[in-house]
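By convention here, the first residue in the shown sequence is residue 1. Numbering of ligands and ligand atoms starts at 1, following listing order.
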Amino acid sequence: MYTHEISIEIKPGTKKEMVFNEFSLLMGAYTQSGQATSVGGNAYWDGSRIVGLLITIERDALKTKYNNIYVNARIAALEALCKSTLQFRIAGKNNDSGVCKCKLPDSYILFTHMFNDASPIECGKCAKPVPLYRLPYYDAHSYYSIQEWERQYKACDQLQLGCTVGEKWALKQMQDANSQLSKEGRSICARMEDLTQTPFYYYLFNYRKFKPGQQQSNCPGCGNMWALNEQLHGFYDYKCEACRLISCKSSNV
Ligand SMILES: [Zn+2]
Ligand SMILES: [Zn+2]
């Protein structure tokens, strides 16, 4: 993961409030284009310079070639307002497990959890995160619907990990193949499969729900056996090709 410092100098007489608003819109546009996984806090003023931080999973994620039309429009508007050029600097890098470099992944998995700060899409071949901007746009020039599902999934994970308010409800959302959360995730997978022409699996969370040798070891979609002979990527134990569902053994049976 890389932290990028984005900044722009303003000329005397420029309205700071307008610059702040325009700059914040650009930071948001960088996340909706899939280039940044998050914004590192609010923008701040450093003398006549406004500064913001963006987190990305690849070093070159903010390159112009990955910009969508909204990022380009926001940069143009901001530079016109400030009468200067946007500046980019890599502020630092933390330890990370890498990014998918596969030329042709054989499948993808929609997978996240509360502590995942990389992409919600995992490569089915190498198990590493796939930057969203490497995939076809899901919405008009953006991945907003995928990111919205991701926010809701993480909110459910936070509730179930908190073990108090909404724990049971959140757990059901995460491990029931037909919950509202799963339906949304599965419809994202179906559309992404059409767009990429590559199998796209939906990960079902498992906390004491699917157990080997019991009825739950049957796919919750079609009822067929779905236990894998061999664990996949050292994590997945269940997979149904037909329903495009994937899961793992409960860590606590
Ligand atoms: Zn890969
Ligand atoms: Zn099935």
Side-chain angles (χ1 to χ4, degrees), residues 1-2 34-35 37 56-61 63 65-66 93 95-113 116-138 143 146-147 150 172-250:
M1 306 293 288
Y2 295 84
Q35 290 167 277
T37 57
T56 70
I57 55 176
E58 285 189 301
R59 192 182 180 87
D60 70 348
K63 285 261 156 63
K65 64 177 175 178
Y66 298 127
K93 177 184 188 291
N95 292 330
D96 64 87
S97 54
V99 172
C100 166
K101 302 281 183 199
C102 302
K103 283 221 158 46
L104 214 59
D106 54 13
S107 61
Y108 296 99
I109 302 164
L110 186 61
F111 168 81
T112 195
H113 53 82
N116 179 27
D117 52 6
S119 169
I121 292 171
E122 183 179 289
C123 171
K125 198 171 182 179
C126 70
K128 291 199 162 42
V130 181
L132 287 174
Y133 49 81
R134 294 209 184 284
L135 296 162
Y137 288 128
Y138 185 89
Y143 305 92
I146 299 178
Q147 291 164 328
E150 183 185 16
K172 186 170 160 49
Q173 287 294 321
M174 293 168 70
Q175 58 186 11
D176 183 336
N178 294 306
S179 70
Q180 205 180 350
L181 182 70
S182 299
K183 275 184 185 159
E184 178 60 23
R186 293 174 73 184
S187 92
I188 287 171
C189 290
R191 183 160 150 69
M192 286 306 284
E193 179 158 336
D194 277 350
L195 292 169
T196 58
Q197 291 295 298
T198 307
F200 229 98
Y201 290 86
Y202 183 70
Y203 167 75
L204 274 183
F205 185 75
N206 180 20
Y207 181 73
R208 300 179 177 176
K209 188 170 170 72
F210 316 120
K211 296 174 191 169
Q214 295 191 8
Q215 203 191 348
Q216 288 91 337
S217 67
N218 293 11
C219 168
C222 63
N224 290 332
M225 301 297 284
W226 70 327
L228 290 166
N229 292 330
E230 261 181 58
Q231 201 177 46
L232 179 67
H233 302 320
F235 182 69
Y236 300 108
D237 301 289
Y238 304 104
K239 184 180 176 187
C240 178
E241 302 275 347
C243 301
R244 296 290 196 250
L245 290 172
I246 193 162
S247 189
C248 58
K249 281 181 187 156
S250 175

* Asked: Cationic tip of R191 within the cone over Y138's six-membered ring, i.e. under 6.0 Å and within 45° of the normal?
  -> yes
* Where the Zn ion (ligand 1) is the vertex, angle from C123 SG to C126 SG to 10° -> 110°
* **Angle, SG of C100 through the Zn ion (ligand 1) to SG of C102 - 10° precision** => 110°
* **Metal-centred angle, the Zn ion (ligand 2) as apex - SG of C240, SG of C222, 10° resolution** => 110°
* To do: Rounded to the nearest 10 degrees, what's the angle SG of C219 makes with SG of C243 at the Zn ion (ligand 2)? Could you check?
  => 110°
* Classify the ring geometry between Y203 and F111 as parallel (under 30°), tilted (30 to 60°) or perpendicular (over 60°). => perpendicular
* To do: Carefully, step by step, assess R186 and E193 under the rule salt bridge (charged side-chain N to carboxylate O under 4.0 Å, His left out).
  => CA-CA 10 Å; R186 293 174 73 184; E193 179 158 336; over 6 Å; no
* Asked: So, for Y133 and A61, which heavy atoms are closest and what is the spacing to 0.1 Å?
  -> OH-CB, 3.3 Å
